[in-house]
2 protein chains.
Amino acid sequence: MIRVLVAEDQSAVRAGLVLILRSAPDIEVAGEAADGEQAVALARELRPDLVLMDVQMPRLDGVSATRRIVAERLADVLVLTTFDLDEYVFGALRAGASGFLLKNAEARELLEAVRTVARGEGLISPAVTRRLIAEFAARPAREPAADPSVLDRLTRREREVLSCLGEGLSNAGIAERLEMAEATVKTHVSRLLGKLELRSRVQAAVLAQELRI
Amino acid sequence: MIRVLVAEDQSAVRAGLVLILRSAPDIEVAGEAADGEQAVALARELRPDLVLMDVQMPRLDGVSATRRIVAERLADVLVLTTFDLDEYVFGALRAGASGFLLKNAEARELLEAVRTVARGEGLISPAVTRRLIAEFAARPAREPAADPSVLDRLTRREREVLSCLGEGLSNAGIAERLEMAEATVKTHVSRLLGKLELRSRVQAAVLAQELRI
DNA sequence: CCCCGGCTGCATCCTTCGATGTACCGCGGG
DNA sequence: CCCGCGGTACATCGAAGGATGCAGCCGGGG
């Protein structure tokens, strides 16, 4: 039995969703929420298998609610919306939603979507899948250019200094942050430049950026 | 009528796919290819609506073939594979595939997938959708942190210098690249630092990185 | 026409950076 | 024990960077 929490502010729509869900023998409506805050609260309380989440809701929008629920690992989230705006789709998926369905979906599709997500799989409305693919393809592949293994050659202190360099700090700034003399900072900078085969702190900063540190 | 080109090296599997496709009244098998090279050549010749593409094929693999077909805008590509390895999935999607289906799909699902892609929508096997979402979410959101509008305040020359800074070049290096005296480079660096409210070239380099310039 | 303001270019001066030499500490092996 | 080695720390000095002042150049008004 799949226990579902329905989060949708328009009561008529919510009633419709509940009706559809109840029509399935393997699905049970565990609760109903009329806004995002309630959705999070009820998810904590009821621990459903899945939350059917509308995007547009008062108090706390569906995307934010999704983020919280996923962060606390309370349940999987299937996001439901009328509009297939990119910001909704990408926002919801980045928030950790397991699926994204448009409201114009058939009742049958909705039930199938619930079962799919409950199985631990993912589901995207066909109409938005192509844009997701496009967006995905557009993003540059995680550049293997920046090789984290080079960091192994650095000592802990040197890594700390490199991190500071990535923030654009001056030697004086680093000295203050790491509580050492500026002269010492220079030593570390010099050594890490040598180990990484760089010629200036600027290149080190760029590298730190690429390595996200 | 949807015209489909089937690209699959194992003849038995290919025959099975053709049989399934022929069973649908709205789908026509326009041709069959036994490797990637053939697939590209036949796509050029037959101009099908859609190519059903296996990943593992001799001579030219399915991902590369997909890349070519999409680059030439010959047809949409629905990639088919036995294994849902990340490299296949992400590779195929980045190559421009419109859909990705596992071979364990039912005949009905296959036909539905063909129709979906032919409609211009996208389709991903549920089993791999979740990983696509995860991968998508893992990629850093195009950070709005770095605001491209600040660049409007810079002159063309200053933007060129900023770009060089982003590569970690020294003033001397920039002078050579842009063919001006080092003293002039310093002027531009100084001015752009002021306009961007930064305090060192390192911060400018970091900013240039974030803006991807 | 001339003037003005912004862009571009260069030179001067002081600050910061980076290379180098040295010293201290802790640790493992001869 | 003493030595060597790697990590950390600091001082010194030449080199690079950054601020500032100033000059030519162009385009739009007055």
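Order of the sequence lines fixes the chain letters, A, B, ..., with proteins taken first and strands second; residue numbering starts at 1 for each chain.
In terms of heavy-atom proximity, B:Val40 sits nearest to B:Leu74 at O-CD1, 4.2 Å. In terms of heavy-atom proximity, A:Ala181 sits nearest to A:Ala175 at C-CB, 4.0 Å. For the residue pair B:Ala65 and B:Met53, the shortest heavy atom distance occurs at CB-CE, 3.6 Å. Of all heavy-atom pairs spanning B:Ala7 and B:Ala39, the tightest one is CB-CB, 3.7 Å.
Taking the C1' atoms of five terminal pairs at each end of the helix from C:dC1-D:dG30 to C:dG30-D:dC1, the two resulting helix axes are inclined by 10°, rounded to 10°.
Here the rule is side chain to side chain donor-acceptor pair (under 3.5 Å) with A:Asn171, and of A:Arg201, A:Glu182, A:His188 only A:Arg201 fits it.
Summarising the geometry, the separation between CG on B:Asn171 and P on C:dT15 is reported as 18 Å, rounded to the nearest angstrom. One atom, CG of B:Leu198, and another, P of D:dG17, lie 17 Å apart when rounded to the nearest Å. Rounded to an integer number of Å, the gap from CD of B:Glu179 to P of C:dC10 is 11 Å. The nearest whole Å value for the distance from the CG atom in A:Leu196 to the P atom in C:dA19 is 12 Å. Residue B:Leu162 contributes atom CG, which lies 16 Å from atom P of C:dC7 at whole-angstrom precision. Between A:Gln203 atom CD and D:dA16 atom P there is a gap of 14 Å when expressed in whole angstrom units. The interatomic distance linking B:Leu178 (CG) with C:dC10 (P) rounds to 12 Å, in whole Å. Distance CZ (B:Arg157) to C1' (D:dC25): 14 Å, rounded to an integer number of Å.
When distances are taken from the side chain of B:Thr155 to each of D:dG18, C:dC17, C:dT8, the shortest belongs to C:dT8. Taking the side chain of B:Leu193 as heavy atoms from C-beta on, and the options D:dG17, C:dA19, D:dG18, the nearest nucleotide is D:dG18. The side chain of B:Lys195 lies closest to C:dC7, out of C:dG18, D:dG18, C:dC7. Listed nucleotides: C:dC17, D:dA9, D:dT20. Nearest to the side chain of A:Met180: D:dA9.
A:Glu37 is listed as a side-chain neighbour of A:Arg68, based on a closest heavy-atom distance under 4.5 Å. In this structure, the side chains of B:Asp9 and B:Asp35 stay at 4.5 Å or more apart for every pair of heavy atoms.
Contact annotation: side chain of A:Thr187 to base of D:dC10, donor-acceptor pair present below 3.5 Å.
Between A:Arg191 and A:Lys186, the one whose closest nucleotide on DNA chain D sits nearer the 5' end is A:Arg191. When the nearest nucleotides of DNA chain C are assigned to B:Thr184 and B:Arg153 by heavy-atom distance, the more 5′-ward of the two goes with B:Arg153.
Residue B:Ala183 is in base contact, counting any heavy-atom pair closer than 4.0 Å across all strands shown. B:Arg201 comes within contact range of the sugar-phosphate backbone alone, with a heavy-atom separation under 4.0 Å but no base atom that close.
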